[in-house]
Amino acid sequence: MQPKVFVTRALPEEGLNILREVAEVKVWEEELPPPREVLLQETAAVDGLLSLLTDRVDAELMDRARNLKVISNYAVGFDNIDIPAATRRGIMVTNTPGVLTETSADLAFALLMASARRIVEADKFVRAGKWKTWGPMLMLGRDVYGATLGIVGLGRIGYAVAKRARGFDMRVLYYSRNRNEQAERELGLEYAELDRLLKESDFVSLHVPLTANTRHLINKETLGLMKKTAILINTSRGPVVDEKALYEALVNGDIAGAGLDVTDPEPPEMDNPLLQLDNVTILPHIGSASVATRTRMATIAARNLVAGLKGEVPEHLVNKEVLEKLQK
Ligand code: GLV
Ligand code: GLV
């Protein structure tokens, strides 16, 4: 009998076809994620789950899904999954790192530049018929070239952003759990404790995963350390930033602007006051959203799932501890 797989949204066909070769595949075709009850119901009898960052995969779901062997997340981040709960139950969890690194770094840099040069605001200005003439004081922004960039979290994506910054002759500071002296040598980066990074940077870009330690890492206090002229870029996870504190900081002029690809929650409530601010650019979590990268993510997520179903060790296994459990 073929294993059963549930895919929580329509993905590029390349990935679905890989799954269909070995499994009975059901795909949730709606635009919105499956509601909680549907997700619990659809996963109750499956062997494999292909989940998105919009699906909460927790102990309750795992307890109901008695046959579940592998959860393949279509993302590099996996904060939507209770990893210890999966490990305890002998369920493998996989993600899609690597393939989205450069695409995500492109987006972070695009957001940085858009925020610095007020691209979105300027476009709206033209469309609203407000552009009367060339003006010496019109839409003045901030230089990216030669500025200081502070990268918080020097994983693959943070590193790729630093590479881009070099082309703009930026001075790049980074803060990370571990120092990376090789990256310092390769890219001329300078390690700084978070406080110093925040104090000295013109742009601060966040590239940490969401964990208990990084939740609200950017808060009233840390925002207070930033320059009044600084711009915050968040392409990681919304809850890394305390949005209320961010709003206050922007309104009070404690920092100059923000570029957000992620919010808390997603999407933001329409009465979220951040949406009223001209010095904030907000995108709908599109960091990895290029045609080529989303196709590669689908292929990799499918391969991870298939490997797990066959009892092999998937290439991008997140919870390696689960292997001990499975050998017992
Ligand atoms: C997107 O945010 C991801 O984690 O892949
Ligand atoms: C993602 O690829 C990261 O580790 O930053």
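Not measured: the values here are computed from a predicted model. Note that ligands are numbered from 1 as they come in the structure, with each ligand's atoms numbered from 1 the same way.
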(request) Just jot down the ligand 1 atoms closer than 4.0 angstrom to any heavy atom of Ala75, in number order. (result) 3 (C), 4 (O), 5 (O)
(message) Within ligand 1, which atoms have a heavy atom of His285 less than 4.0 Å away?
(response)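 Answer, ordered by atom number: 1 (C), 2 (O).
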(request) Would you kindly specify which portion of Val262 sits under 4.0 Å from ligand 1, judged on non-hydrogen atoms: side chain, backbone, both or neither? (result)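 Answer for Val262: neither.
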(request) Select one of side chain, backbone, both or neither to describe which atoms of Leu100 lie under 4.0 Å from any atom of ligand 1, heavy atoms only. (result) side chain
Taking distance alone, with N or O pairs closer than 3.5 Å, would you say [X] contacts ligand 1?
{"X": "Leu53", "result": "no"}
{"X": "Ser236", "result": "no"}
{"X": "Arg237", "result": "yes"}

(request) Find out whether Val161 and Thr235 are in side-chain contact, i.e. whether some heavy atom of one side chain is under 4.5 Å from a heavy atom of the other. (result)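 The answer is no; the side chains never approach within 4.5 Å.
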(request) Run the salt-bridge test on Arg20 and Glu13 with the 4.0 Å N-O cut-off and return the result as yes or no. (result) yes
(message) If the test is side chain to side chain donor-acceptor pair (under 3.5 Å), which one of Asn80, Asp79, Asp55, Asn304 qualifies with Asn73?
(response)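 Only one of Asn80, Asp79, Asp55, Asn304 forms a side chain to side chain donor-acceptor pair (under 3.5 Å) with Asn73, namely Asn80.
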(message) Give me the residue, atom name and distance of the protein heavy atom closest to atom 5 (O) of ligand 1.
(response)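 Nearest protein contact, heavy atoms only, for atom 5 (O) of ligand 1 is Val76 N, 2.8 Å.
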(message) Going by ring-ring contact (aromatic ring centres under 6.0 Å, His included), name the pairs with one or both residues in residues 118-169, residues two or more places apart or in two chains.
(response) Phe109-Phe168
(request) Under the salt bridge (charged side-chain N to carboxylate O under 4.0 Å, His left out) rule, collect the residues that match up with Asp47, sequence neighbours excluded. (result) Lys69
(request) Taking Arg164 for its side chain and Glu102 for its backbone only, find out whether a donor-acceptor pair lies under 3.5 Å. (result)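 Looks like yes, one N/O pair under 3.5 Å.
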